[in-house]
Amino acid sequence: AFMVAEKVEVESLSYQDGAKATKWSCTGDTDYEFSTSDKKEIGTTVRLYINEENKDFLQSYKIREVIAQYCDFMPYSITLIDLKENKRIEEENAKATKEEDKKPIPVDIINETKPLWKKDPTTITDDEYKTFFRKLFPYEQEPLFWLHLNVDHPFTLQGILYFPKLNPTKPINENSIRLYSKQVFVSDNVKSIVPEFLGLLKGAIDSSDIPLNVSRSALQGDPNVKKISNYIIKKVAESLKKLFKNDRARYETVWEDIALFVKYAIVSDTKFDELMREFVLFKNSEAKLVTVQEYQDSIPAAYKEKLKDKIITFEKNSSDESLRKQLLQEGIQVVEIDNYIDPHFTQHTEFKKQGDKAIKFVAIDAEVENLLSSEDNSSENNQIKEIFNSVFGIKAESDKEEDKGGNKLLGVEVRNIKNSTAAAYLKQDHAMKRFKQMTQSMGQTAFDAPLKRTLVINPENALIKN
(Lines give C-alpha, C1' and ligand atoms only; values in the text may rest on other atoms or scores of the structure.)
Protein backbone atom coordinates (compact mmCIF):
# COMPACT_ATOMS: atom_id res chain seq x y z
CA ALA A 1 0.00 0.00 0.00
CA PHE A 2 2.82 2.42 0.86
CA MET A 3 4.19 2.10 -2.67
CA VAL A 4 1.37 4.41 -3.76
CA ALA A 5 0.10 5.94 -0.51
CA GLU A 6 1.63 8.44 1.86
CA LYS A 7 -0.69 7.33 4.65
CA VAL A 8 -2.86 4.25 5.37
CA GLU A 9 -5.74 3.98 7.82
CA VAL A 10 -7.55 0.81 8.85
CA GLU A 11 -10.78 0.99 10.86
CA SER A 12 -12.43 -2.19 12.10
CA LEU A 13 -15.48 -3.13 14.17
CA SER A 14 -16.08 -6.70 15.34
CA TYR A 15 -19.48 -8.39 15.08
CA GLN A 16 -19.35 -9.37 18.76
CA ASP A 17 -21.66 -7.60 21.23
CA GLY A 18 -20.05 -4.72 23.05
CA ALA A 19 -17.11 -4.51 20.64
CA LYS A 20 -15.56 -1.10 20.12
CA ALA A 21 -14.23 0.15 16.82
CA THR A 22 -10.46 0.51 16.49
CA LYS A 23 -8.37 2.62 14.16
CA TRP A 24 -4.81 1.88 12.98
CA SER A 25 -2.83 4.59 11.21
CA CYS A 26 0.65 4.67 9.67
CA THR A 27 2.64 6.87 7.30
CA GLY A 28 5.02 4.16 6.16
CA ASP A 29 7.53 4.51 8.99
CA THR A 30 8.31 1.90 11.63
CA ASP A 31 5.95 3.71 13.99
CA TYR A 32 2.17 3.40 13.85
CA GLU A 33 -0.76 4.60 15.93
CA PHE A 34 -3.78 2.85 17.49
CA SER A 35 -6.84 4.81 18.54
CA THR A 36 -10.59 4.47 18.99
CA SER A 37 -12.87 4.96 16.00
CA ASP A 38 -16.40 6.21 15.52
CA LYS A 39 -17.11 3.49 12.91
CA LYS A 40 -20.70 2.19 13.33
CA GLU A 41 -20.95 -0.59 10.71
CA ILE A 42 -19.51 -4.05 11.35
CA GLY A 43 -16.53 -4.77 9.13
CA THR A 44 -13.26 -3.21 8.06
CA THR A 45 -12.48 -0.07 6.10
CA VAL A 46 -9.04 0.45 4.57
CA ARG A 47 -8.36 4.01 3.49
CA LEU A 48 -5.36 4.97 1.34
CA TYR A 49 -4.17 8.56 0.98
CA ILE A 50 -2.59 8.39 -2.47
CA ASN A 51 0.62 10.38 -2.95
CA GLU A 52 1.11 12.88 -5.76
CA GLU A 53 3.21 10.57 -7.93
CA ASN A 54 0.45 7.94 -8.09
CA LYS A 55 -2.72 10.00 -8.51
CA ASP A 56 -3.63 7.84 -11.50
CA PHE A 57 -4.59 5.10 -9.01
CA LEU A 58 -7.61 7.24 -8.18
CA GLN A 59 -8.89 6.88 -11.74
CA SER A 60 -11.57 4.24 -12.28
CA TYR A 61 -9.74 2.68 -15.26
CA LYS A 62 -6.62 2.13 -13.14
CA ILE A 63 -8.62 0.60 -10.28
CA ARG A 64 -10.31 -1.76 -12.73
CA GLU A 65 -6.93 -2.72 -14.20
CA VAL A 66 -5.47 -3.61 -10.80
CA ILE A 67 -8.57 -5.53 -9.73
CA ALA A 68 -8.64 -7.43 -13.03
CA GLN A 69 -5.03 -8.54 -12.56
CA TYR A 70 -5.05 -9.57 -8.91
CA CYS A 71 -8.63 -9.98 -7.70
CA ASP A 72 -10.68 -10.76 -10.79
CA PHE A 73 -11.85 -14.16 -9.51
CA MET A 74 -12.10 -13.56 -5.77
CA PRO A 75 -15.10 -15.37 -4.24
CA TYR A 76 -16.43 -12.08 -2.87
CA SER A 77 -17.94 -9.31 -4.96
CA ILE A 78 -15.89 -6.14 -5.37
CA THR A 79 -17.99 -3.07 -6.06
CA LEU A 80 -16.57 0.13 -7.50
CA ILE A 81 -18.48 3.14 -6.17
CA ASP A 82 -18.13 6.51 -7.88
CA LEU A 83 -19.06 8.88 -5.06
CA LYS A 84 -19.26 11.94 -7.30
CA GLU A 85 -21.52 10.17 -9.78
CA ASN A 86 -23.73 8.81 -7.00
CA LYS A 87 -24.04 12.27 -5.46
CA ARG A 88 -25.07 13.71 -8.82
CA ILE A 89 -27.75 11.03 -9.26
CA GLU A 90 -29.06 11.61 -5.73
CA GLU A 91 -29.35 15.36 -6.39
CA GLU A 92 -31.26 14.72 -9.63
CA ASN A 93 -33.54 12.23 -7.89
CA ALA A 94 -34.29 14.80 -5.18
CA LYS A 95 -35.53 17.20 -7.88
CA ALA A 96 -37.66 14.57 -9.64
CA THR A 97 -41.42 14.98 -9.09
CA LYS A 98 -42.36 11.47 -10.25
CA GLU A 99 -41.07 8.21 -8.83
CA GLU A 100 -40.52 6.74 -12.30
CA ASP A 101 -38.17 9.62 -13.18
CA LYS A 102 -35.76 8.72 -10.43
CA LYS A 103 -32.60 6.83 -11.44
CA PRO A 104 -31.27 3.89 -9.44
CA ILE A 105 -27.85 4.15 -7.83
CA PRO A 106 -25.58 1.95 -9.99
CA VAL A 107 -24.03 -1.15 -8.44
CA ASP A 108 -20.81 -1.74 -10.41
CA ILE A 109 -19.43 -5.20 -9.52
CA ILE A 110 -16.08 -5.39 -11.29
CA ASN A 111 -14.94 -8.94 -10.54
CA GLU A 112 -16.19 -12.41 -11.39
CA THR A 113 -16.89 -14.42 -8.24
CA LYS A 114 -17.24 -17.80 -9.96
CA PRO A 115 -14.55 -18.43 -12.58
CA LEU A 116 -15.13 -21.01 -15.28
CA TRP A 117 -12.90 -23.61 -13.62
CA LYS A 118 -15.32 -23.73 -10.64
CA LYS A 119 -18.20 -24.81 -12.87
CA ASP A 120 -19.23 -28.32 -13.88
CA PRO A 121 -17.41 -29.12 -17.17
CA THR A 122 -20.47 -30.95 -18.51
CA THR A 123 -22.46 -27.70 -18.42
CA ILE A 124 -19.87 -25.51 -20.18
CA THR A 125 -20.07 -24.83 -23.92
CA ASP A 126 -17.12 -24.43 -26.28
CA ASP A 127 -17.95 -20.74 -26.68
CA GLU A 128 -17.73 -20.25 -22.92
CA TYR A 129 -14.29 -21.86 -22.85
CA LYS A 130 -13.13 -19.63 -25.73
CA THR A 131 -14.57 -16.51 -24.11
CA PHE A 132 -12.77 -17.31 -20.86
CA PHE A 133 -9.52 -17.79 -22.79
CA ARG A 134 -9.92 -14.37 -24.43
CA LYS A 135 -10.50 -12.86 -20.99
CA LEU A 136 -7.20 -14.29 -19.73
CA PHE A 137 -5.21 -13.76 -22.94
CA PRO A 138 -6.93 -11.12 -25.04
CA TYR A 139 -4.15 -10.82 -27.63
CA GLU A 140 -3.65 -14.51 -28.36
CA GLN A 141 -5.06 -16.62 -31.18
CA GLU A 142 -8.00 -18.88 -30.46
CA PRO A 143 -6.90 -22.08 -28.65
CA LEU A 144 -6.92 -25.46 -30.37
CA PHE A 145 -8.58 -27.31 -27.49
CA TRP A 146 -8.46 -27.41 -23.69
CA LEU A 147 -8.33 -29.58 -20.58
CA HIS A 148 -10.53 -28.99 -17.53
CA LEU A 149 -8.86 -30.07 -14.25
CA ASN A 150 -10.94 -30.98 -11.21
CA VAL A 151 -9.70 -33.11 -8.31
CA ASP A 152 -10.33 -32.94 -4.55
CA HIS A 153 -8.35 -35.94 -3.26
CA PRO A 154 -5.57 -36.46 -2.19
CA PHE A 155 -5.11 -32.76 -2.95
CA THR A 156 -7.33 -30.00 -4.27
CA LEU A 157 -6.79 -28.74 -7.79
CA GLN A 158 -9.03 -27.02 -10.30
CA GLY A 159 -8.20 -25.21 -13.47
CA ILE A 160 -8.29 -25.05 -17.24
CA LEU A 161 -5.27 -25.58 -19.50
CA TYR A 162 -5.47 -24.48 -23.13
CA PHE A 163 -3.41 -25.83 -26.02
CA PRO A 164 -2.42 -22.79 -28.08
CA LYS A 165 -0.98 -22.60 -31.55
CA LEU A 166 2.81 -22.60 -31.19
CA ASN A 167 5.27 -20.85 -33.44
CA PRO A 168 8.81 -22.31 -33.14
CA THR A 169 10.36 -19.04 -34.33
CA LYS A 170 8.51 -16.92 -31.77
CA PRO A 171 9.88 -16.50 -28.21
CA ILE A 172 7.82 -18.46 -25.71
CA ASN A 173 6.08 -16.49 -22.98
CA GLU A 174 6.98 -18.25 -19.74
CA ASN A 175 4.16 -16.57 -17.79
CA SER A 176 1.27 -18.31 -19.52
CA ILE A 177 -0.18 -20.34 -16.63
CA ARG A 178 -1.64 -18.33 -13.79
CA LEU A 179 -1.64 -19.70 -10.26
CA TYR A 180 -4.52 -19.00 -7.87
CA SER A 181 -5.14 -20.05 -4.29
CA LYS A 182 -8.82 -20.12 -3.36
CA GLN A 183 -9.49 -17.90 -6.40
CA VAL A 184 -6.96 -15.25 -5.32
CA PHE A 185 -4.22 -14.58 -7.86
CA VAL A 186 -0.78 -15.59 -6.58
CA SER A 187 1.63 -15.59 -9.51
CA ASP A 188 2.03 -16.14 -13.22
CA ASN A 189 5.40 -17.80 -12.66
CA VAL A 190 4.71 -21.47 -11.94
CA LYS A 191 8.11 -22.99 -12.75
CA SER A 192 8.37 -24.40 -9.25
CA ILE A 193 4.99 -26.11 -9.49
CA VAL A 194 4.64 -27.45 -13.01
CA PRO A 195 7.42 -28.76 -15.30
CA GLU A 196 8.99 -26.26 -17.68
CA PHE A 197 7.55 -27.91 -20.78
CA LEU A 198 3.98 -27.32 -19.53
CA GLY A 199 4.78 -23.61 -19.73
CA LEU A 200 4.04 -23.93 -23.45
CA LEU A 201 0.37 -24.26 -22.48
CA LYS A 202 -1.84 -21.41 -21.28
CA GLY A 203 -4.52 -21.19 -18.62
CA ALA A 204 -5.14 -21.06 -14.88
CA ILE A 205 -4.79 -23.51 -11.99
CA ASP A 206 -6.25 -23.06 -8.52
CA SER A 207 -5.16 -25.03 -5.45
CA SER A 208 -5.29 -24.39 -1.72
CA ASP A 209 -2.69 -27.12 -1.11
CA ILE A 210 0.25 -25.20 -2.54
CA PRO A 211 2.27 -23.43 0.22
CA LEU A 212 2.74 -19.82 -0.81
CA ASN A 213 5.09 -18.45 1.84
CA VAL A 214 8.12 -20.70 1.40
CA SER A 215 11.23 -20.58 -0.76
CA ARG A 216 11.28 -22.00 -4.29
CA SER A 217 13.63 -24.84 -3.27
CA ALA A 218 11.30 -25.83 -0.41
CA LEU A 219 8.33 -25.62 -2.77
CA GLN A 220 9.93 -28.05 -5.21
CA GLY A 221 10.38 -30.56 -2.39
CA ASP A 222 6.83 -30.26 -1.08
CA PRO A 223 4.97 -33.59 -1.51
CA ASN A 224 1.70 -31.94 -2.55
CA VAL A 225 3.44 -29.90 -5.22
CA LYS A 226 5.03 -33.06 -6.64
CA LYS A 227 1.67 -34.85 -6.66
CA ILE A 228 -0.01 -31.90 -8.38
CA SER A 229 2.75 -31.73 -10.99
CA ASN A 230 2.53 -35.46 -11.74
CA TYR A 231 -1.26 -35.27 -11.94
CA ILE A 232 -1.18 -32.43 -14.47
CA ILE A 233 1.39 -34.28 -16.61
CA LYS A 234 -0.74 -37.42 -16.59
CA LYS A 235 -3.98 -35.59 -17.42
CA VAL A 236 -2.39 -33.66 -20.30
CA ALA A 237 -0.99 -36.87 -21.80
CA GLU A 238 -4.26 -38.74 -21.31
CA SER A 239 -6.25 -35.97 -22.99
CA LEU A 240 -3.99 -36.17 -26.06
CA LYS A 241 -4.19 -39.98 -26.15
CA LYS A 242 -7.96 -39.79 -25.91
CA LEU A 243 -8.10 -37.33 -28.80
CA PHE A 244 -5.85 -39.60 -30.91
CA LYS A 245 -7.95 -42.71 -30.25
CA ASN A 246 -11.41 -41.16 -30.39
CA ASP A 247 -10.94 -38.51 -33.08
CA ARG A 248 -7.85 -39.24 -35.17
CA ALA A 249 -8.93 -36.76 -37.85
CA ARG A 250 -9.03 -33.86 -35.40
CA TYR A 251 -5.76 -34.98 -33.81
CA GLU A 252 -4.11 -34.82 -37.23
CA THR A 253 -5.66 -31.41 -37.88
CA VAL A 254 -4.08 -29.88 -34.78
CA TRP A 255 -0.87 -31.93 -34.88
CA GLU A 256 1.19 -29.29 -36.67
CA ASP A 257 0.38 -26.85 -33.89
CA ILE A 258 0.96 -29.21 -30.95
CA ALA A 259 3.91 -31.20 -32.34
CA LEU A 260 6.47 -28.88 -30.75
CA PHE A 261 4.83 -29.19 -27.34
CA VAL A 262 4.46 -32.98 -27.49
CA LYS A 263 8.04 -33.62 -28.65
CA TYR A 264 9.50 -31.16 -26.17
CA ALA A 265 7.48 -32.78 -23.38
CA ILE A 266 8.67 -36.26 -24.37
CA VAL A 267 12.31 -35.14 -24.31
CA SER A 268 11.78 -33.37 -20.96
CA ASP A 269 9.73 -35.82 -18.90
CA THR A 270 10.04 -39.61 -18.54
CA LYS A 271 6.40 -40.14 -17.57
CA PHE A 272 5.07 -38.10 -20.47
CA ASP A 273 7.46 -39.97 -22.77
CA GLU A 274 6.05 -43.33 -21.64
CA LEU A 275 2.49 -42.19 -22.24
CA MET A 276 2.84 -40.27 -25.52
CA ARG A 277 5.76 -41.48 -27.63
CA GLU A 278 3.70 -43.94 -29.67
CA PHE A 279 1.27 -41.15 -30.62
CA VAL A 280 3.85 -38.86 -32.22
CA LEU A 281 3.10 -38.26 -35.90
CA PHE A 282 5.35 -37.65 -38.90
CA LYS A 283 4.43 -36.54 -42.41
CA ASN A 284 5.44 -39.18 -44.97
CA SER A 285 6.27 -38.82 -48.67
CA GLU A 286 2.59 -38.72 -49.60
CA ALA A 287 1.85 -35.98 -47.01
CA LYS A 288 0.05 -38.47 -44.79
CA LEU A 289 0.57 -38.28 -41.01
CA VAL A 290 1.76 -41.59 -39.56
CA THR A 291 3.14 -42.97 -36.31
CA VAL A 292 6.51 -44.74 -36.17
CA GLN A 293 4.72 -48.11 -36.07
CA GLU A 294 2.57 -47.20 -39.07
CA TYR A 295 5.68 -46.11 -40.94
CA GLN A 296 7.43 -49.41 -40.26
CA ASP A 297 4.34 -51.35 -41.28
CA SER A 298 4.38 -49.54 -44.66
CA ILE A 299 7.90 -50.71 -45.62
CA PRO A 300 7.76 -53.03 -48.66
CA ALA A 301 8.58 -56.65 -47.92
CA ALA A 302 11.65 -56.52 -50.20
CA TYR A 303 13.22 -53.86 -47.98
CA LYS A 304 12.07 -55.05 -44.53
CA GLU A 305 15.45 -56.55 -43.66
CA LYS A 306 17.50 -53.59 -44.87
CA LEU A 307 15.26 -51.09 -43.05
CA LYS A 308 14.88 -53.07 -39.86
CA ASP A 309 14.46 -50.57 -36.98
CA LYS A 310 15.30 -47.67 -39.34
CA ILE A 311 13.27 -44.54 -40.04
CA ILE A 312 14.39 -42.59 -43.11
CA THR A 313 14.19 -38.83 -42.56
CA PHE A 314 13.80 -35.99 -45.03
CA GLU A 315 14.79 -32.58 -43.71
CA LYS A 316 12.17 -30.00 -44.57
CA ASN A 317 13.37 -27.35 -47.06
CA SER A 318 16.84 -28.89 -47.12
CA SER A 319 17.02 -32.50 -48.30
CA ASP A 320 17.17 -33.47 -51.99
CA GLU A 321 13.65 -33.92 -53.35
CA SER A 322 14.86 -36.21 -56.14
CA LEU A 323 16.00 -38.76 -53.55
CA ARG A 324 12.53 -38.85 -52.01
CA LYS A 325 11.01 -39.52 -55.43
CA GLN A 326 13.51 -42.34 -56.10
CA LEU A 327 12.54 -44.13 -52.89
CA LEU A 328 8.84 -43.58 -53.44
CA GLN A 329 9.09 -45.36 -56.80
CA GLU A 330 10.12 -48.42 -54.79
CA GLY A 331 7.23 -47.90 -52.35
CA ILE A 332 9.59 -46.66 -49.61
CA GLN A 333 8.30 -43.73 -47.58
CA VAL A 334 10.39 -41.16 -45.74
CA VAL A 335 9.29 -38.94 -42.83
CA GLU A 336 9.69 -35.19 -42.78
CA ILE A 337 11.60 -33.57 -39.91
CA ASP A 338 12.57 -30.02 -38.99
CA ASN A 339 15.87 -28.68 -37.66
CA TYR A 340 14.37 -27.16 -34.51
CA ILE A 341 12.98 -29.80 -32.13
CA ASP A 342 13.42 -33.00 -34.18
CA PRO A 343 17.22 -33.29 -33.76
CA HIS A 344 16.62 -33.45 -29.99
CA PHE A 345 13.60 -35.72 -30.30
CA THR A 346 15.21 -38.23 -32.67
CA GLN A 347 18.34 -38.52 -30.55
CA HIS A 348 16.26 -38.92 -27.39
CA THR A 349 14.19 -41.67 -29.01
CA GLU A 350 17.29 -43.54 -30.14
CA PHE A 351 18.99 -43.44 -26.75
CA LYS A 352 15.90 -43.92 -24.56
CA LYS A 353 14.52 -47.20 -25.83
CA GLN A 354 11.05 -48.32 -24.80
CA GLY A 355 11.25 -52.01 -24.04
CA ASP A 356 13.43 -54.03 -26.42
CA LYS A 357 12.48 -52.01 -29.46
CA ALA A 358 15.33 -49.94 -30.90
CA ILE A 359 14.79 -47.19 -33.47
CA LYS A 360 17.36 -45.37 -35.55
CA PHE A 361 16.59 -42.26 -37.59
CA VAL A 362 18.76 -42.09 -40.73
CA ALA A 363 19.05 -39.23 -43.22
CA ILE A 364 17.79 -39.90 -46.73
CA ASP A 365 21.07 -38.89 -48.39
CA ALA A 366 22.98 -41.33 -46.17
CA GLU A 367 20.59 -44.26 -46.65
CA VAL A 368 19.48 -44.13 -50.27
CA GLU A 369 22.66 -45.76 -51.61
CA ASN A 370 22.36 -48.60 -49.11
CA LEU A 371 18.91 -49.37 -50.54
CA LEU A 372 19.18 -48.64 -54.24
CA SER A 373 22.86 -48.55 -55.29
CA SER A 374 24.78 -51.31 -57.02
CA GLU A 375 28.55 -51.77 -57.04
CA ASP A 376 30.26 -50.78 -60.26
CA ASN A 377 34.04 -50.43 -60.40
CA SER A 378 34.20 -50.07 -64.17
CA SER A 379 36.98 -48.07 -65.74
CA GLU A 380 34.45 -45.44 -66.86
CA ASN A 381 33.28 -44.86 -63.30
CA ASN A 382 36.85 -44.67 -62.06
CA GLN A 383 37.58 -42.13 -64.78
CA ILE A 384 34.58 -40.01 -63.70
CA LYS A 385 35.81 -40.11 -60.12
CA GLU A 386 39.31 -39.02 -61.15
CA ILE A 387 37.88 -36.08 -63.10
CA PHE A 388 35.91 -34.79 -60.10
CA ASN A 389 38.83 -35.41 -57.75
CA SER A 390 40.89 -33.26 -60.03
CA VAL A 391 38.24 -30.50 -60.12
CA PHE A 392 38.15 -30.34 -56.32
CA GLY A 393 41.88 -30.78 -55.93
CA ILE A 394 41.59 -34.11 -54.12
CA LYS A 395 44.87 -35.95 -54.64
CA ALA A 396 44.11 -39.01 -52.49
CA GLU A 397 41.18 -40.69 -50.80
CA SER A 398 42.33 -39.50 -47.39
CA ASP A 399 42.52 -35.84 -48.39
CA LYS A 400 39.82 -33.51 -47.05
CA GLU A 401 39.73 -30.48 -49.28
CA GLU A 402 37.46 -27.48 -48.82
CA ASP A 403 34.87 -26.44 -51.37
CA LYS A 404 34.16 -22.76 -52.12
CA GLY A 405 31.64 -22.60 -49.28
CA GLY A 406 34.19 -23.69 -46.72
CA ASN A 407 32.59 -27.13 -46.30
CA LYS A 408 34.89 -30.13 -46.04
CA LEU A 409 34.54 -32.52 -48.97
CA LEU A 410 35.25 -35.98 -47.63
CA GLY A 411 35.54 -37.24 -51.15
CA VAL A 412 33.83 -38.20 -54.36
CA GLU A 413 31.86 -41.39 -54.99
CA VAL A 414 30.39 -42.75 -58.22
CA ARG A 415 27.25 -44.83 -57.66
CA ASN A 416 24.73 -46.51 -59.93
CA ILE A 417 21.53 -45.80 -58.02
CA LYS A 418 18.20 -47.22 -59.11
CA ASN A 419 15.59 -44.71 -60.35
CA SER A 420 18.14 -41.88 -60.15
CA THR A 421 17.74 -39.03 -62.66
CA ALA A 422 19.83 -36.34 -60.96
CA ALA A 423 23.45 -35.80 -61.98
CA ALA A 424 24.64 -35.90 -58.37
CA TYR A 425 23.71 -35.27 -54.76
CA LEU A 426 25.55 -34.35 -51.58
CA LYS A 427 25.76 -36.82 -48.73
CA GLN A 428 26.46 -35.25 -45.34
CA ASP A 429 27.91 -36.67 -42.15
CA HIS A 430 24.64 -37.39 -40.35
CA ALA A 431 25.98 -37.44 -36.76
CA MET A 432 27.84 -34.14 -37.12
CA LYS A 433 24.89 -32.51 -38.84
CA ARG A 434 22.47 -33.52 -36.05
CA PHE A 435 24.85 -32.30 -33.35
CA LYS A 436 25.26 -28.97 -35.11
CA GLN A 437 21.49 -28.55 -35.43
CA MET A 438 20.99 -29.33 -31.73
CA THR A 439 23.56 -26.77 -30.59
CA GLN A 440 22.18 -24.10 -32.94
CA SER A 441 18.60 -24.67 -31.77
CA MET A 442 19.80 -24.04 -28.20
CA GLY A 443 21.39 -20.74 -29.26
CA GLN A 444 24.95 -22.05 -29.08
CA THR A 445 27.34 -21.07 -31.85
CA ALA A 446 30.57 -22.42 -30.37
CA PHE A 447 30.28 -25.55 -32.54
CA ASP A 448 30.20 -24.10 -36.02
CA ALA A 449 32.61 -26.43 -37.78
CA PRO A 450 31.93 -27.15 -41.45
CA LEU A 451 30.19 -30.44 -42.16
CA LYS A 452 31.91 -33.27 -43.96
CA ARG A 453 30.26 -34.00 -47.28
CA THR A 454 30.54 -36.55 -50.05
CA LEU A 455 29.59 -35.77 -53.63
CA VAL A 456 27.80 -38.82 -55.04
CA ILE A 457 27.90 -38.89 -58.86
CA ASN A 458 25.29 -40.65 -61.03
CA PRO A 459 27.20 -42.09 -64.02
CA GLU A 460 23.97 -42.79 -65.95
CA ASN A 461 22.94 -39.15 -66.09
CA ALA A 462 23.21 -37.66 -69.59
CA LEU A 463 25.12 -34.64 -68.31
CA ILE A 464 27.78 -36.85 -66.70
CA LYS A 465 28.03 -39.11 -69.75
CA ASN A 466 28.70 -36.13 -72.00
Please find out if less than 6.0 Å separates the ring center of Phe272 from that of Phe197. yes

Do Tyr129 and Phe133 make the cut of ring centroids closer than 6.0 angstrom? no

Within the side chain of [X], is there an N or O that forms a donor-acceptor pair under 3.5 Å with the backbone of [Y]?
{"X": "Tyr340", "Y": "Leu260", "result": "no"}
{"X": "Asp269", "Y": "Ala265", "result": "no"}
{"X": "Ser229", "Y": "Val225", "result": "no"}
{"X": "Asn150", "Y": "Gln158", "result": "no"}
{"X": "Asp247", "Y": "Arg250", "result": "yes"}
{"X": "Asp56", "Y": "Gln59", "result": "no"}
{"X": "Lys304", "Y": "Gln296", "result": "yes"}
{"X": "Ser207", "Y": "Thr156", "result": "yes"}
{"X": "Thr79", "Y": "Asp108", "result": "no"}
{"X": "Gln183", "Y": "Lys114", "result": "no"}

First locate atom NZ of Lys118, then atom CZ of Phe73, and finally report the distance between them rounded to the nearest 0.5 Å. 12.5 Å

Output a table of donor-acceptor pairs, distance under 3.5 Å, between side-chain atoms of residues 276-286 and any protein atom two or more places apart or on a different chain; print 'none' if there are none.
unit_1: Arg277; atom_1: NE; unit_2: Asp273; atom_2: OD1; d: 2.9
unit_1: Arg277; atom_1: NH1; unit_2: Lys352; atom_2: O; d: 2.7
unit_1: Arg277; atom_1: NH2; unit_2: Asp273; atom_2: OD1; d: 3.4
unit_1: Arg277; atom_1: NH2; unit_2: Asp273; atom_2: OD2; d: 2.8
unit_1: Arg277; atom_1: NH2; unit_2: Lys352; atom_2: O; d: 2.7
unit_1: Asn284; atom_1: OD1; unit_2: Glu286; atom_2: N; d: 2.9
unit_1: Asn284; atom_1: OD1; unit_2: Ala287; atom_2: N; d: 3.2
unit_1: Asn284; atom_1: OD1; unit_2: Lys288; atom_2: N; d: 2.9
unit_1: Ser285; atom_1: OG; unit_2: Val334; atom_2: N; d: 3.0
unit_1: Glu286; atom_1: OE1; unit_2: Gln333; atom_2: NE2; d: 3.1

Indicate whether the side chain of Thr122 and that of Asp120 have a donor and an acceptor atom separated by less than 3.5 Å. yes

Are the charged groups of Glu238 and Lys241 less than 4.0 angstrom apart, N to O? no

Check for me whether Lys202 meets the cation-pi criterion with Tyr162, that is, NZ or CZ under 6.0 Å from the six-membered ring centre and within 45 degrees of the ring axis. no

Would you verify whether the NZ or CZ of Lys227 falls within 45 degrees of the ring axis of Phe155 while also being under 6.0 Å from that six-membered ring's centre? no

Output a table of donor-acceptor pairs, distance under 3.5 Å, between side-chain atoms of residues 321-328 and any protein atom two or more places apart or on a different chain; print 'none' if there are none.
unit_1: Glu321; atom_1: OE1; unit_2: Arg324; atom_2: NE; d: 3.4
unit_1: Glu321; atom_1: OE1; unit_2: Arg324; atom_2: NH2; d: 2.8
unit_1: Glu321; atom_1: OE2; unit_2: Arg324; atom_2: NE; d: 3.3
unit_1: Ser322; atom_1: OG; unit_2: Asp320; atom_2: OD1; d: 2.6
unit_1: Ser322; atom_1: OG; unit_2: Asp320; atom_2: OD2; d: 3.4

Looking at every non-hydrogen atom in both residues, tell me the closest pair between Asp338 and Pro343 and how far apart they are. O-CD, 3.6 Å

How far apart are the C-alpha atoms of Arg248 and Glu294, what are their side-chain angles, what is the distance that settles it, and do they pass the salt bridge (charged side-chain N to carboxylate O under 4.0 Å, His left out) test? CA-CA 14 Å; Arg248 174 72 180 262; Glu294 290 168 345; 3.1 Å; yes

